[in-house]
Structure formats: structure tokens, C-alpha cells
Amino acid sequence: MNCWLIKTEPSTWSWDDQKKNKTTSWDGVRNYQASNNLKAMKIGDLCFFYHSVTGKSIVGIVQVIRTYYPDSTDETGRFGMVDVGYVKELAKPVSLETLKADLRLSNMALIRQSRLSVMPISSEEWKIILEYSV
DNA sequence: GCCAACGTTGGC
DNA sequence: GCCAACGTTGGC
């Protein structure tokens, strides 16, 4: 199983929305690198749910429930999406500041490539981040 | 196929 | 609100 981190601006789609709706189509990705990451996701893969701009924290975990398929909101037909379902909320959100302060996480794409919206997370990184969330 | 101009993302 | 980083577009 692989682990991921997906970003969203709370004004567009927030953790509260996710909690209320349980599942959602992760549409709107318009970047090839991010889209390729979506394509590599498998059913059951876990994703950290990150609030960008407002919050700048990992707030919860979702799980892939449908693999890559065409994004109906993309007129060019170039990009796809996956469906994700609510798994759980972190007891404590993990802020970008916290992640940046831990040198073991300094290779994370979240830090090195701030504009990428879908990125893989190594199992070591996943574990470290989870420890901050309790 | 190069690159300038432009648009977008997201941290600060 | 600003701006750095970076992706995309389109003229040549």
C-alpha cells in the first residue's frame, strides 16, 4: 500500500465538507505531475488531507475508494481524478511549521515543491507525521 | 523546439 | 496583498 498527501483550499473543499459527505471525487487537478500521482493510487491507499493557504495543516486521513478515471470537469479530457472516502480525523492537526521543523521530513515534496497538490509520502514520513498528530 | 509572456499556486 | 516558483501557452 502506498501513502499520499493531497491538498485542498478549505474555501473550495474543506475537511468539514469531507466529514459531512464521507466520499468525494477529487476533481480539479490540472497538473501532470499531480495527475500522474493520482493515476498511481490504488484502492485502499491512505492519503493525508492537507489544508493549504488557510490552516496550512494536515487535518485528517482519507482513503482511495475508486481509482483514476476521467475528470468530468476537465474540458480538455487530459486529466483524471480518484474518489476518496473519510477515514479519520487527526486528534491534533499537524502544521506545515511542525513538518518544516523536523529535519527528517525535509525531503518531503510538500516542503521542497510547495505548488504540487498530490504527492507520495514514504512510510517513514507517514509514521513520523502520525506521531505528531496524537 | 525555444523562449518570452503570462497565469496560478501557496507561503509569508 | 505581495511575490517567488513554476507550469503553460503561443509566436517564431
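Side-chain atoms are counted along with the backbone in the values below, which use heavy atoms only and exclude waters and symmetry mates. Within every chain, numbering begins at 1; the chains are lettered A, B, ... in the order of the sequence lines, protein sequences first and strands thereafter.
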**Study point:** Of all pairs that satisfy side chain to side chain donor-acceptor pair (under 3.5 Å), the ones with a partner from residues 96-115 of chain A, not counting sequence neighbours
**Key:** Gln33(A)-Gln113(A), Ser95(A)-Thr98(A), Asp102(A)-Arg104(A), Asp102(A)-Tyr132(A), Asn107(A)-Arg112(A)
Study note, to complete from the structure: Ser133(A) meets the side-chain hydrogen bond (donor to acceptor under 3.5 Å, both in side chains) criterion, sequence neighbours left out, with none
Review point. Going by number, which of residues 94-104 of chain A have a non-hydrogen atom under 4.0 Å from DNA chain B?
Key: Leu96(A), Lys100(A)
Check your understanding: Which pairs, with at least one residue in residues 56-72 of chain A and sequence neighbours excluded, count as a salt bridge (charged side-chain N to carboxylate O under 4.0 Å, His left out)?
Key -> Arg30(A)-Asp71(A)
Practice item. List for me each residue that meets ring-ring contact (aromatic ring centres under 6.0 Å, His included) alongside Phe79(A), sequence neighbours excluded, and say none if there are none. Key: Tyr32(A)
Point to revise | Qualifying residues under ring-ring contact (aromatic ring centres under 6.0 Å, His included), relative to Tyr50(A), sequence neighbours excluded | key: none
Practice item. For residues 14-26 of chain A, pull every pair meeting salt bridge (charged side-chain N to carboxylate O under 4.0 Å, His left out), keeping only residues two or more places apart or in separate chains. Key: Lys19(A)-Glu89(A)
Practice item. Tell me which residues in residues 26-40 of chain A put a heavy atom below 4.0 Å from DNA chain C, sorted by number, or none. Key: Asn31(A), Tyr32(A)
Exercise for review: Could you tell me whether a side-chain N or O of Tyr68(A) sits under 3.5 Å from a main-chain N or O of Met81(A), the two making a donor and an acceptor?
Suggested key: no
Revision key, fill the gap. side-chain hydrogen bond (donor to acceptor under 3.5 Å, both in side chains) filter on Trp126(A), not counting sequence neighbours, yields none
Identify every side-chain donor-acceptor pair in residues 39-47 of chain A under 3.5 Å, counting partners at least two apart or on other chains, and give the distances.
residue  : atom : partner  : partner atom : Å
Asp45(A) : OD1  : Asn2(A)  : N            : 3.1
Asp45(A) : OD2  : Trp4(A)  : NE1          : 3.1
Asp45(A) : OD2  : Lys42(A) : N            : 3.0

**Study point:** Interface limits on DNA chain B, where chain A has a heavy atom under 4.0 Å of a nucleotide atom
**Key:** dG7(B) to dC12(B)
Point to revise | Counterpart residues, ring-ring contact (aromatic ring centres under 6.0 Å, His included), relative to Tyr69(A) (two or more places apart) | key: none
